[in-house]
Amino acid sequence: MGTPDGEEQSLDAKVAAVRFGGSTELSPKQREAIVKFADVILRGRGQFAKPTGSRLQMTEVTVYEREEDGKTQVRMVFEIDVGEDMLNSGNMMHGGCSMFLIDVCSSIALVALGIVTSRNSYLVSQAITTVFHAPATTGARLSIVNNTVSFGARTVTARTEIWDTTNRRLVATGVHNQMQPSAPKL
């Protein structure tokens, strides 16, 4: 996470910028691991959607025990302002950009759950089901709210809502299923 003047923040500053909470207390090592992973995914190697990904700000990580089954889950929130690089020709956020936000933000939430529960979280996407509800326009502040749903032996799932907090409307929802990758056949 950069600063407004383009300087890179220290890991401690990045961790301090996130509101950690919930019924399960995270260790400093777990907090750092979550923030480091998000930083690598959003600002690391590769150029695909880098201008958008690098502007995402992780604002909340809540670890809790789901009342219905007692299983540990994660709620993770990211924020971003809609920029020109996110728009389609109609001056609204492109559907592909919404899918990108759902993909990366829910993936980071699922890895966070893996970190918290000490489970393997080397995963690849299996399916992303997305519903578009309303357009988001330039300058709108988006809140991307991710809730893990399941973390099984074969597949994991997270649910995401993209909210336009400027105009108080739901932009898109998605369900992201991931799985362990199979070994390459050479």
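All residue numbers in this chain count up from 1 along the given sequence. Note that these values count all heavy atoms, side chains included, but never hydrogens, waters or copies made by symmetry.
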Any salt bridge (charged side-chain N to carboxylate O under 4.0 Å, His left out) involving residues 156-166? Give me the pairs, sequence neighbours left out, ordered by first then second residue.
-> Asp164-Arg169
Return yes if some donor-acceptor pair links the side-chain N/O of Asn91 with the main-chain N/O of Ser89 below 3.5 Å, else return no.
-> no
Between Asn146 and Ser106, does any side-chain donor sit less than 3.5 Å from a side-chain acceptor?
-> no
Test side chain to side chain contact (heavy atoms under 4.5 Å, CB included) applied to Ser118 - qualifying residues, sequence neighbours left out | none
Report yes or no: does Lys36 contribute a side-chain atom to a donor-acceptor pair with the main-chain N or O of Leu11 at less than 3.5 Å?
-> no
Write out all pairs satisfying ring-ring contact (aromatic ring centres under 6.0 Å, His included) with one or both partners inside residues 23-60, taking only residues at least two apart or from two chains.
-> Phe48-Phe100
May I ask you to decide if Val74's main-chain N or O and Thr148's side chain share a donor-acceptor pair within less than 3.5 Å?
-> yes
Please collect all ring-ring contact (aromatic ring centres under 6.0 Å, His included) contacts where either partner lies in residues 110-139, sequence neighbours excluded, each pair once.
-> none
Residues in side-chain hydrogen bond (donor to acceptor under 3.5 Å, both in side chains) with His94, at least two apart?
-> none
With Asn177 via side-chain hydrogen bond (donor to acceptor under 3.5 Å, both in side chains) - residues at least two apart | Thr157
Met93 pairs by side chain to side chain contact (heavy atoms under 4.5 Å, CB included) with which of Thr52, Asn88, Thr138, Leu142?
-> Leu142
Here the salt bridge (charged side-chain N to carboxylate O under 4.0 Å, His left out) pairs for residues 80-105, sequence neighbours left out, are Arg55-Asp85, Asp81-Arg141
By side-chain hydrogen bond (donor to acceptor under 3.5 Å, both in side chains), Thr72 pairs with (sequence neighbours left out) none
Would a distance-only check, ignoring hydrogens and angles, find a side-chain to backbone donor-acceptor pair under 3.5 Å from Arg66 to Val149?
-> yes
Can you check whether Ser10's main-chain N or O pairs, donor with acceptor, with Lys14's side chain at less than 3.5 Å?
-> no
Mind checking what makes salt bridge (Lys or Arg N to Asp or Glu O under 4.0 Å) contact with Glu68, not counting sequence neighbours?
-> none
Please report the C-alpha distance between Leu26 and Ile34 in whole Å, then the side-chain angles of each, then the deciding distance to 0.1 Å, and finally whether the side chain to side chain contact (heavy atoms under 4.5 Å, CB included) criterion is met.
-> CA-CA 10 Å; Leu26 295 176; Ile34 291 167; 4.0 Å; yes
Are the side chain of Asp12 and the backbone N or O of Val15 linked by a donor-acceptor pair below 3.5 Å?
-> no
If a pair satisfies salt bridge (charged side-chain N to carboxylate O under 4.0 Å, His left out) and one of its residues is in residues 17-30, list it, with sequence neighbours excluded.
-> Arg19-Glu60, Glu25-Arg31
Side-chain hydrophobic cluster, 4.5 Å single linkage: members besides Val145 | Val77, Trp163, Leu170
Between Ser107 and Gln178, do the side chains contain an N or O donor and an N or O acceptor separated by less than 3.5 Å?
-> yes
Quick one: salt bridge (charged side-chain N to carboxylate O under 4.0 Å, His left out) pairs with a partner in residues 111-128, sequence neighbours left out?
-> none
Decide side chain to side chain contact (heavy atoms under 4.5 Å, CB included) for Thr173 and Thr130; before the verdict, give the C-alpha distance in whole Å, the side-chain angles of both, and the deciding distance to 0.1 Å.
-> CA-CA 6 Å; Thr173 54; Thr130 306; over 6 Å; no
Minimum heavy-atom distance between Ser23 and Glu65, given as atom pair plus value | OG-N, 3.3 Å
